[in-house]
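Input: a single structure, listed below in structure tokens.
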Amino acid sequence: MFKHLALASLSAALLAACASTPADKPGKPATLGDGATLDLAILETTDVHSNILSYDYYKQKDDASFGYERVATLIHQARKEFPNTVLFDSGDTIQGSVLADYQALVKPVGCDSELAIYKAMDSVGYDGGTAGNHEFNYGLPFLAQVTNTAMNVDGVTAKPCAGPKFPLVLSNVFSARDSQPIFKPWTIVTKTVHAKNAAGKDVATDVRIAIIGFTPPPILDWDKRNLQGKVTVTGVVEAAQKYMPEIQAQHPDLVVAILHGGLNTAPYTPQMENGGWYLAGVPGIDALLLGHSHTEFPGPRYDGMKDVDAKRGIVRGVPAVMGGFFGKDLGVINLSMKREGGRWVVEKDKSHSEVRPICVKKSQCVDADPAIEPIVKEAHEAAVAYVNTPIGATDHDLSSYFADEGNMTALAVVNAAQIDYVRDELSRSRPDLKDVPVISTASAFRTGFGGPDDYTDVAKGPLTIRNAADLYFYPNTLAAVKIDGSAVKAWLEKSATRFNQIDPSKDGEQALIGKMPGYNFDQAQGGITYTIDVTKPEGQRIGNLRYKGKPVKDGQAFVVVTNSYRANGGGEFPGMNGDSVVLNAPDGNREVVIKWVEAHKTITSKLVDKRSWTFVPVKVKGPVTFTGAVGKEDLAKSLGLHITQLKDNGDGTATYAIDLSKK
């Protein structure tokens with residue numbers, strides 16, 4: 001066994017060496033003596049999700065609040081500001097927009113065509129990157145093709161294709177065939193920089209930067225349909241410990257860990273989704289690039305975290321940064337280095353990080369880089385034409401405004417389509433389940449997290465494919481599980497942790513919404529009804545759980561429709577580990593919605609369920625508040641919700657109060 005491991009490590013090292021580009025070769029011999037200094041700016045993009053242009057495909061209009069074309073401007077500005085820069089990407093790059101789905105699913109790019117997002121990035125110039133969890137959504141053959149990576153995995157034919165002009169590294173995903181990493185696990189990038197010698201004189205020299213990449217280990221659960229039996233995954237710390245000796249044997253000047261993950265101080269496991277805090281503790285890592293969490297570091301979310309300076313951007317003594325998402329921000333680590341003992345040493349007390357937004361205020365955004373739009377114009381226009389394909393109509397508005405407070409107009413369409421699909425499929429594939437009740441869960445993916453325009457908003461009238469993409473934002477595949485009534489209740493209890501616990505006797509303002517992301521607030525329909533008591537602690541909030549008017553029994557069987565992400569453990573819902581799956585559909589949830597709308601032609605209120613849950617009425621002393629898009633009070637009242645706008649926040653959002661005393 002040890003012999004095989006040693007051979008595998010040697011093989012990986014030889015592969016890394018053989019695959020090196022000229023830029024990977026050792027630089028000129030150092031001519032700088034001790035006392036020399038070097039300031040290096042490490043620039044980072046992450047979670048761009050193929051939002052290349054500042055354009056909202058769902059609302060069919062320009063939106064300056066996001067878009068890679070504006071981050072490109074920040075990159076150009078940083079390069080003018082800092083004499084020495086390197087640029088890396090932390091993943092979730094090729095998926096997440098209408099344009100991405102068009103190039104992967106509708107009209108897949110050919111082997112000789114570079115993906116639009118990589119074209120844009122190449123025009124700016126990158127030094128390296130890694131793969132996020134969403135890189136695997138379109139399957140390994142597509143990923144191998146668009147990244148020009150010769151993966152030795154089932155279903156992938158190795159052939160040279162058009163890929164990015166910068167190296168992608170990934171150290172914790174391995175082929176099930178030969179146990180070798182599917183990407184190069186690490187590489188060394190050589191940059192010519194301008195340092196100052198001990199006398200303060202500018203000197204041009206080469207600096208060798210080792211980069212090693214990591215993706216969230218739960219991808220094997222989240223993308224089971226694409227990955228099961230084809231790859232294996234290790235924890236991020238284990239991968240770092242495996243390859244750091246190889247890296248250090250090459251004597252790089254600097255080691256940068258590029259992690260598609262955030263920070264979590266919970267006890268470490270190899271399955272940890274956000275292992276950045278523990279990765280920072282691996283000896284030899286000089287800087288840490290983070291992602292996945294769709295937030296900023298340094299930033300207030302991490303105030304008070306153990307051994308973390310959330311203002312300077314230091315994690316366990318290691319400078320770190322996480323540069324936002326959707327092309328809204330650029331991460332910058334300002335690294336100070338000093339020559340000591342014949343090598344560069346990071347001066348951690350002089351180094352710091354920051355996140356630079358493309359919009360300092362809602363109306364003050366940097367201009368787009370004019371070079372980006374022409375590069376992707378053809379693909380962009382084809383995607384716009386595609387999403388405007390008519391599929392049907394609706395006789396009422398469908399939105400996710402106030403989805404957390406009870407507006408299920410958008411979710412009801414998804415749930416109805418999913419239930420019909422599963423009933424039809426199970427009647428053919430699982431006749432033994434024909435008498436088991438089928439219910440469906442769906443969550444509102446767009447609940448304002450990305451800003452005041454980040455809501456599903458489908459107006460009464462004609463429907464197109466873009467409306468279906470708005471109703472179901474992610475390219476998940478449909479799945480169904482068989483569970484009992486107690487498990488249904490546990491599922492809904494987990495969903496109800498979306499809310500903070502409200503104290504009825506408290507005088508001051510209390511926030512309704514807690515830290516759970518909106519995409520994990522599943523709402524069930526299909527004959528199921530229930531209440532949520534936000535005054536109760538987590539795990540005790542679901543009450544009056546009924547199916548078709550009758551109390552749900554603990555042992556009562558149900559088939560619950562969801563997506564493959566949730567059915568296989570995404571969101572860490574109780575019992576959802578893949579064991580209870582009775583249907584792994586070949587179709588995406590979004591495609592199921594499209595086909596359902598086409599079949600019914602017009603969505604009427606009679607075709608979909610009404611709201612399935614309500615808050616337990618309670619009188620609260622102080623206001624219970626939440627943030628939403630401004631100017632939607634009349635919409636709330638038309639939906640029968642007791643919601644009042646308290647304050648226009650001046651940034652497109654408003655503070656609202658909900659009266660929990662009324663049904």
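In what follows, residues are counted from 1 in the order of the sequence shown.
For the pair E44 (side chain) and G323 (backbone), a donor-acceptor distance under 3.5 Å is present. For the pair Q228 (side chain) and L220 (backbone), a donor-acceptor distance under 3.5 Å is absent. Under a 3.5 Å cut-off, the side chain of T456 and the backbone N or O of D470 do form a donor-acceptor pair. Panel note: side chain R208, backbone H251; a donor-acceptor pair is recorded below 3.5 Å. Between the side chain of S400 and the backbone N or O of R446 there is at least one donor-acceptor pair closer than 3.5 Å. A donor-acceptor pair under 3.5 Å is absent between the side-chain atoms of N148 and the main chain of A162, judged by distance alone. Not a single donor-acceptor pair under 3.5 Å links the side chain of T232 to the backbone N or O of A176.
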Under the criterion ring pair (Phe, Tyr, Trp, His ring centres under 6.0 Å), I'd like the reasoning laid out for F326 against Y68: C-alpha separation, chi angles, the key distance, then a yes or no. CA-CA 7 Å; F326 290 1; Y68 181 78; over 10 Å; no

Go through S495 and D522 one step at a time and tell me if the side-chain hydrogen bond (donor to acceptor under 3.5 Å, both in side chains) criterion holds. CA-CA 6 Å; S495 294; D522 287 352; 4.6 Å; no

Assess the residue pair D329 and R356 against the criterion (salt bridge (charged side-chain N to carboxylate O under 4.0 Å, His left out)); give the C-alpha distance rounded to whole Å, side-chain angles, the decisive distance to 0.1 Å, and a yes or no. CA-CA 5 Å; D329 310 275; R356 299 184 171 187; over 6 Å; no

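With no hydrogens or angles considered, no side-chain donor-acceptor pair links N563 and N589 at under 3.5 Å. Side-chain contact, D223 with N137: a donor N or O sits under 3.5 Å from an acceptor N or O. In this model, a donor atom of one side chain and an acceptor atom of the other lie less than 3.5 Å apart for T149 and T147. A side-chain N or O of D89 and one of T45 form a donor-acceptor pair less than 3.5 Å apart. With no hydrogens or angles considered, no side-chain donor-acceptor pair links N133 and T215 at under 3.5 Å. For the 3.5 Å distance criterion, the side chains of N584 and R225 fail to qualify, holding no donor opposite an acceptor. A donor atom on one side chain and an acceptor atom on the other are not found under 3.5 Å apart for N476 and R566.
The aromatic ring centroids of F166 and Y126 lie less than 6.0 Å from each other. Remark: aromatic rings of H292 and H134 are distant, center separation not under 6.0 Å. Between F449 and Y519, the distance separating the two ring centers is not shorter than 6.0 angstrom.
A salt bridge is absent between E238 and K242: the closest approach of a Lys/Arg side-chain nitrogen to an acidic carboxylate oxygen does not fall below 4.0 angstrom. The residues E114 and K165 are annotated as salt-bridged, a charged nitrogen and a carboxylate oxygen being separated by less than 4.0 angstrom.
With a 6.0 Å radius and a threshold of 12 heavy atoms from other residues, nucleotides or ligands, Q248 has its CD atom above the threshold.
Smallest separation of non-hydrogen atoms from C111 and Q145: N-NE2, 3.6 Å. Pairing each heavy atom of G235 with each of N172, the nearest pair is O-CB, 4.3 Å. Shortest non-hydrogen contact noted between M272 and P218 is O-CD, 4.4 Å. Between L288 and G276, the shortest heavy-atom contact is CD2-O, 3.5 Å. Scanning all heavy atoms of the two residues, the minimum distance from W277 to K306 falls at NE1-O, 2.8 Å.
Between S353 atom OG and I42 atom CD1 the span is 8.5 Å, to the nearest 0.5 Å.
Classified by interplanar angle (parallel below 30°, tilted 30° to 60°, perpendicular above 60°), the ring pair H294/F325 is parallel.
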